[in-house]
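The figures here come from the full heavy-atom set of this structure, side chains too, leaving out hydrogens, waters and symmetry mates. For reference, positions follow the sequence shown, starting with 1. Atoms within each ligand, like the ligands themselves, are counted from 1 in listed order.
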Amino acid sequence: MNLYSITDITALLDSHGFSFAKKYGQNFLINEGVPKKIAESSCEGAVRPRACIEIGPGIGSLTLQLSRVYDKVVCFEIDTRLPPILSETLSDCQNVEIILEDILKADLNGVIREKFEGYSVSVCANLPYYITGDIIMRLLESNIQFESVTVMIQKEVAERLTSKPGDSCYGAITAAVNYYADVRRLFNVSPGNFIPRPKVDSTVIRLTPYKNKPVSPRSEALFMRVLHGAFAQRRKTLINSLYSVLGGDYTKDELTYALGIAGISPSCRGETLGISDFAKISDALE
Ligand code: SAM
């Protein structure tokens, strides 16, 4: 069967009585050129032997391409109906293993220790859009030294993740992701390349986790609280927004004093600040 022919895919899904589950963000790639390009961009620069973790293989459209460019591929899939289909569509791919598990609950370090010793490890996925931010943050917060994380996400989210302080879509997730990784937009993918067609445009991005982070706050936990506090109430001044989150631990005077040490005006807006500013504030509070 041709994994990129609508007729073949429809027949395959019918034969398994499969219908798309919206709750799992299922939009499968149908145009071979797209998963091929994603897989090839993903492995660029990765030394051999190289391994890939795929999140949500679906019926295997991207997995098939990953199995051609990586030495080993391990996929996490949440939908119990998909492994029987995957064992048909990927029957020729001896280097692919499917783990039936929610990626947000998986022990990534354990999997890497057990399956990828001696391999350089990347992540590649057409992400389920309902949990894009959670998955990206989980991968980055694991502090695993992935070669790269190449993921297709909603175009608006890609714009947000690559925005700069002062841009209208710059937010807490932008600053948090940019603390862990260099983020680049690679290319856009239109809805016609999926079944069913999503209502939004998509963009493939590449995150490269930093070996040395651009800033080193004394307390990473406090740094993250400050960062989230700065964006908690976007229409308010920085001091009031910070106070709404950190008020249980610091008085307004203490926060104002710390901002003074950091050289940042209490009346500015959080969205004008970069990660080095958040590090200065959290260090001053420390
Ligand atoms: N990779 C396939 C493709 O490109 O055609 C399918 C991508 S589809 C957008 C998202 C996939 O992620 C689906 O297979 C869905 O079942 C799976 N998924 C959704 N939530 C998940 C989770 N928490 N953990 C693992 N897989 C998940």
Side-chain angles (χ1 to χ4, degrees), residues 1-6 8-10 12-13 16-43 52-70 73-90 93 96-108 111 122-139 142 149-158 186-205:
M1 76 152 279
N2 178 354
L3 201 40
Y4 306 104
S5 139
I6 292 239
D8 286 14
I9 295 173
T10 310
L12 171 79
L13 297 181
H16 285 268
F18 181 91
S19 55
F20 295 97
K22 237 184 178 173
K23 67 171 177 174
Y24 291 144
Q26 291 177 340
N27 299 93
F28 299 161
L29 282 164
I30 45 170
N31 170 2
E32 181 169 14
V34 175
K36 191 163 186 281
K37 195 167 165 191
I38 298 174
E40 284 168 0
S41 343
S42 157
C43 72
C52 183
I53 292 177
E54 187 193 6
I55 298 155
I59 57 171
S61 321
L62 176 58
T63 324
L64 180 62
Q65 302 299 330
L66 291 172
S67 82
R68 292 180 178 157
V69 296
Y70 281 97
V73 181
V74 169
C75 311
F76 287 92
E77 175 55 62
I78 198 170
D79 190 337
T80 51
R81 302 168 305 161
L82 286 168
I85 301 182
L86 286 163
S87 54
E88 238 178 81
T89 56
L90 301 177
C93 305
V96 175
E97 185 183 336
I98 310 292
I99 299 178
L100 191 55
E101 193 176 9
D102 180 343
I103 187 65
L104 296 177
K105 297 188 179 144
D107 170 13
L108 287 174
V111 166
S122 306
V123 175
C124 186
N126 167 16
L127 286 182
Y129 293 174
Y130 74 107
I131 43 170
T132 299
D134 291 346
I135 294 178
I136 290 179
M137 284 316 294
R138 187 175 163 84
L139 293 171
S142 73
V149 174
T150 304
V151 285
M152 180 147 59
I153 61 178
Q154 199 176 321
K155 190 175 168 204
E156 281 71 24
V157 181
L186 299 186
F187 50 91
N188 295 334
V189 178
S190 60
N193 291 290
F194 302 83
I195 176 176
R197 284 170 77 106
K199 291 198 179 76
V200 293
D201 283 326
S202 303
T203 298
V204 178
I205 61 165

For ligand 1, find out whether one of its N or O atoms is nearer than 3.5 Å to an N or O atom of [X].
X	answer
Glu54	yes
Pro128	no
Gly58	yes

Which atoms of ligand 1 are found less than 4.0 Å from any heavy atom of [X]?
X	value
Glu101	24 (N), 25 (C)
Asn27	7 (C), 8 (S), 9 (C)
Gln26	13 (C), 15 (C), 16 (O)
Leu127	9 (C)
Phe76	25 (C), 26 (N)
Gly25	8 (S), 9 (C), 10 (C)
Ser61	5 (O)
Leu82	14 (O)

Select one of side chain, backbone, both or neither to describe which atoms of [X] lie under 4.0 Å from any atom of ligand 1, heavy atoms only.
X	answer
Leu104	neither
Thr63	neither
Phe28	both
Tyr130	side chain
Pro57	backbone

Derivation and outcome, side chain to side chain donor-acceptor pair (under 3.5 Å), residues Asp8 and Asn2: CA-CA 6 Å; Asp8 286 14; Asn2 178 354; 5.4 Å; no
Minimum heavy-atom distance [X]-[Y], with the two atoms named:
X	Y	result
Leu29	Ser61	O-OG, 3.1 Å
Val69	Ala39	CG2-O, 3.9 Å
Arg197	Pro191	CG-O, 3.6 Å
Arg81	Gln26	NH2-OE1, 3.7 Å

Considering only non-hydrogen protein atoms, determine which one is nearest to [atom] and report residue, atom name and distance to 0.1 Å.
atom	result
atom 1 (N) of ligand 1	Gly56 O, 2.8 Å
atom 23 (N) of ligand 1	Asp102 OD1, 2.9 Å
atom 19 (C) of ligand 1	Tyr24 O, 3.2 Å
atom 5 (O) of ligand 1	Leu29 N, 2.8 Å

Heavy-atom proximity to atom 16 (O) of ligand 1, best of Lys105, Arg81, Glu77: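 Checking each option, the heavy atom nearest atom 16 (O) of ligand 1 is found in Glu77.
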Option of least heavy-atom distance to atom 7 (C) of ligand 1 (set: Ile103, Ile99, Ile78, Asn126):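 Result: the heavy atom closest to atom 7 (C) of ligand 1 is in Asn126.
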Residues that Glu97 engages under salt bridge (charged side-chain N to carboxylate O under 4.0 Å, His left out), provided they are two or more places apart: Lys115
Check against side chain to side chain contact (heavy atoms under 4.5 Å, CB included), Ile6 and Ile30: CA-CA 7 Å; Ile6 292 239; Ile30 45 170; 3.7 Å; yes
side-chain hydrogen bond (donor to acceptor under 3.5 Å, both in side chains) against Ser202, all qualifying residues, sequence neighbours excluded: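 side-chain hydrogen bond (donor to acceptor under 3.5 Å, both in side chains) check on Ser202 returns Tyr129.
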Exam field: side chain Ser41 to backbone Lys37, donor-acceptor pair closer than 3.5 Å: yes
Let me confirm one number: the [atom1]-[atom2] distance from [X] to [Y], rounded to the nearest 0.5 Å.
X	Y	atom1	atom2	value
Leu62	Ser67	CG	OG	10.0 Å
Lys199	Gln154	NZ	CD	11.5 Å
Leu139	Ile55	CG	CD1	4.5 Å

Side chain to side chain contact (heavy atoms under 4.5 Å, CB included) between Asp107 and Val111, worked out: CA-CA 6 Å; Asp107 170 13; Val111 166; 5.5 Å; no
